Amino acid sequence: MGPLQIKDILQTAPENQSVVVKGWVRTKRESKNAIFIALNDGSTINNIQVVAEPGQFSAELLLTVTTGSCLKVTGELIASQGAGQTVEVKISDIEVYGTADPEEYPLQPKKHSLEFLREIAHLRPRTNTFSAILRIRHALAFAVHQYFNDKGFFYLHTPVITASDAEGAGEMFRVTTLDLNNLPRTEEGAINFKEDFFGREANLTVSGQLEGELGAMALSKIYTFGPTFRAENSNTTRHLAEFWMIEPEMAFFELEDNMDLAEDFVKKVITYALINCKDDLNFLQNRLTEEEKNKPQNERSLPLLEKLAFVVDNPFERLTYTEAIDILLKSKPHKEGKFQFPVGWGIDLSSEHERYLVEKHFKKPVILTNYPREIKSFYMKLDEDGKTVRAMDVLFPGIGEIIGGSQREESYEKLLGRVKEIGIDPENLWWYLETRKFGTAPHSGFGLGFERLVQFVTGMGNIRDVIPFPRYPKSAEF
RNA sequence: UCCCGAAUAGCUCAGCCGGUUAGAGCAUCUGACUGUUAAUCAGAGGGUCGCUGGUUCGAGCCCAGCUUCGGGAGCCA
């Protein structure tokens, strides 16, 4: 079952037992009486110190043990004489699996900027920061599945390729096998997609929600967790062209149940990371604190662990869109004309408005509900007044909208009306509309951008740093 | 896509009013020293100043275009 992981060896009581350690060299320090090598295998942020005596190995061999090289070390696990660690390995044999020429290997023992590391995304998982992020990302993904499984949800695999062009969630990437240099044409001169692979136009999915609803109308509670694609030319710290979305969809859930679930879900998943990723979160917290040292006291943010504990321990603020507009209208920045965009009932809240509510006014996560129908999607259930819909957005400090959801319109007539109203051909959505025709039921769901969650938990400022190989405009190198 | 800023050594940056041989710290290499903790001290090597064009006796520096990167906005998750 493979070698022992460094994570486990570090927990083992030293009894001079023989051990084999495999990992990548972080640093090597040579002195008259001992040579110290810090090895890391990614199982933990902590390194294991392996120690050799000078003269024990040839100079030629030691020259190949450099930062970034990969070693197999055999030796004895002993109590460390030094102060920085409790155990270490007294080396009896070294095998160099792979060298890393220090003149070429870009990850030398020094600080590197996140921008530089983005250019070497194939190597950045070997850094403390990125290995910590990737371990936390894994823990969160695991916690997502565990949470839903415990609550009786079924994991539904919705398609990555869709022929539906009516989801309206954003620009889509086209999927085709047509020869772009020799496109088949109809008699009218248009591209003839009947000759394409699927016999029609196809795209990468922008959301699994519509298919998710089909699942909920049979299994009651389902969730999706898969890649999602948006071809928008978005260049921000909060958007990716390829990201992972979690979309639970529940029959017999109304808006309040939906909010309760969203809040409980986020809290439980963050709690899992707090319990299981202590070392990594501590490392990231120290990194952030170090980064903010130069900022004036009043601009510094809460230490990462305190921020996460605060979110887990306090109820989210819930209010309607209409109430939020009232608060904004009474706010100081509005009265002083500091907002770039005007405030008024019916507007789509912009980042500055959301930030004011979350970061200045309430100073905690906020759930906004009952938005005007005009600024929300066609599938959201109309309120009695006919003006607003049963939508909910969960807003987080720093990253803005982390969750968008709603109670869905279950009335066939009303949904059909909305579909026509926004100019979608009902023919394209016949299968979706039939869920309302046959055994319709009140139901709700939401979508959560996984990377935004990872961003919040790790405290990373740029979403491109919380996914191993980010996809964004002009970037698909790795 | 829009606004603002940036691009100089492997990395992070400085480079004065446009002037003669482009600097620092870190990293790397060499030596010294030391049960060391991203060790310490000394020395050395390392540059097509993003690309294209322009202004000028002379451009890392000024101007234009392009490319890429960063921050903000829009779109959203």
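Since the model is a prediction, treat every value here as computed from it, not as a measurement. We name chains A, B, ... by the order of the sequence lines, and we start the count at 1 in each one.
At the heavy-atom level, A:G447 lies under 4.0 Å from the strands shown only through sugar-phosphate atoms. Looking at heavy-atom distances under 4.0 Å, A:R26 makes no contact with the nucleic acid at all. A:P106 comes within contact range of no nucleotide atom at all, as no heavy-atom separation falls under 4.0 Å. Residue A:K111 is in base contact, counting any heavy-atom pair closer than 4.0 Å across all strands shown. Among the atoms of the strands shown, only primed sugar atoms or phosphate atoms (P, OP1, OP2) are found under 4.0 Å from some heavy atom of A:D348. When heavy atoms are screened at a 4.0 angstrom cut-off, A:N462 is found touching the sugar-phosphate backbone but no base atom. Within 4.0 Å of A:E30, counting heavy atoms only, lies at least one base atom of the nucleic acid. When heavy atoms are screened at a 4.0 angstrom cut-off, A:I402 is found touching the sugar-phosphate backbone but no base atom. Here A:N233 lies in heavy-atom contact (under 4.0 Å) with a base. Base engagement by A:Q85 is indicated by at least one non-hydrogen atom pair under 4.0 Å involving a base atom. If you check every strand for non-hydrogen atoms under 4.0 Å, A:L453 touches nothing. Using a 4.0 Å heavy-atom distance criterion, A:S31 is classed as a base contact. In this structure, A:S350 reaches the sugar-phosphate backbone alone: every heavy-atom distance under 4.0 Å involves primed, P, OP1 or OP2 atoms, never a base. A:Q209 comes within contact range of no nucleotide atom at all, as no heavy-atom separation falls under 4.0 Å.
Aromatic ring orientation, A:Y272 versus A:F142: tilted (interplanar angle from 30° to 60°).
A salt bridge does not link A:R135 to A:D279: none of the charged nitrogens lies less than 4.0 Å from a carboxylate oxygen. A salt bridge is defined here as a Lys NZ or Arg NE, NH1 or NH2 lying under 4.0 Å from an Asp or Glu carboxylate O, and A:R124 with A:E119 fails to meet this definition. Looking at A:R355 and A:E352, no side-chain N of the basic residue comes within less than 4.0 Å of a carboxylate O on the acidic one, giving no salt bridge.
Looking at the side chain of A:R29, the nearest of the listed nucleotides B:rU37, B:rG70, B:rA77 is B:rU37. Here the nucleotide nearest the side chain of A:S234, chosen from B:rA77, B:rG74, B:rA27, is B:rG74. Minimum atom distance to the side chain of A:E401 is reached by B:rA77, of the listed B:rA73, B:rC29, B:rA77. For A:T27, counting side-chain heavy atoms from C-beta on, the closest listed nucleotide (B:rC11, B:rA39, B:rC76) is B:rA39. Distances were taken from every side-chain heavy atom of A:Q49 (C-beta onward) to each of B:rU36, B:rC76, B:rU28; the shortest belongs to B:rU36. Closest approach to the A:F116 side chain among B:rG35, B:rU1, B:rU12 is made by B:rU12 (side chain taken as heavy atoms from C-beta onward). Closest to the side chain of A:S113, out of B:rG35, B:rC11, B:rC29, is B:rC11. For A:A83, the listed nucleotide lying nearest its side chain is B:rU37; candidates were B:rA38, B:rA73, B:rU37. Here the nucleotide nearest the side chain of A:E115, chosen from B:rC69, B:rA39, B:rU34, is B:rC69.
In this structure, the CG atom of A:D393 is 8 Å from the P atom of B:rA77, given to the nearest Å. In this entry the distance linking CD1 of A:I403 with P of B:rC76 reads 17 Å, nearest Å. Regarding A:Y105, its OH atom lies at a distance of 13 Å from the C1' atom of B:rG10, rounded to whole Å. Whole-Å rounding puts the A:Q108 CD to B:rA27 C1' distance at 6 Å. Separating the CZ atom of A:R238 from the C1' atom of B:rA73 is a distance of 9 Å, rounded to the nearest angstrom.
Between the base of B:rU34 and the side chain of A:N33 there is no donor-acceptor pair shorter than 3.5 Å.
In this model, the phosphate group of B:rG72 is approached by a side-chain N or O of A:T237 to a distance below 4.0 Å at OP1 or OP2. The side chain of A:S351 places no N or O atom within less than 4.0 Å of a non-bridging phosphate oxygen (OP1 or OP2) of B:rG72. OP1 and OP2 of B:rC11 both lie 4.0 Å or more from every side-chain N or O belonging to A:K110.
Applying the Watson-Crick and G-U wobble criteria (two distances, each under 3.5 Å), B:rU68 pairs with B:rA6.
The stretch residues 256-267 of chain A has no heavy atom under 4.0 Å from RNA chain B, so no residue of it qualifies as close.
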Output, in order, the C-alpha distance, side-chain angles, deciding distance and verdict of side chain to side chain contact (heavy atoms under 4.5 Å, CB included) for A:L117 and A:T127. CA-CA 9 Å; A:L117 294 174; A:T127 63; 4.1 Å; yes
Test side chain to side chain contact (heavy atoms under 4.5 Å, CB included) applied to A:F456 and A:K307, step by step: CA-CA 9 Å; A:F456 183 74; A:K307 186 183 79 173; 3.8 Å; yes
Between A:E290 and A:R287, is the salt bridge (charged side-chain N to carboxylate O under 4.0 Å, His left out) condition met? List the steps. CA-CA 5 Å; A:E290 192 71 27; A:R287 190 183 164 281; over 6 Å; no
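Aromatic stacking is marked for A:F243 over B:rA77, as both cut-offs hold: 5.5 Å for the centres and 30° for the planes.
No hydrogens or angles considered: a donor-acceptor pair under 3.5 Å links the side chains of A:T27 and A:R29. Checking A:Q455 against A:E451 by side-chain atom types alone, no donor-acceptor pair falls below 3.5 Å. Between the side chains of A:Y379 and A:E213, no donor-acceptor pair of N or O atoms lies under 3.5 Å.
Base orientation of B:rC49: anti, the glycosidic angle falling outside 90° of 0.
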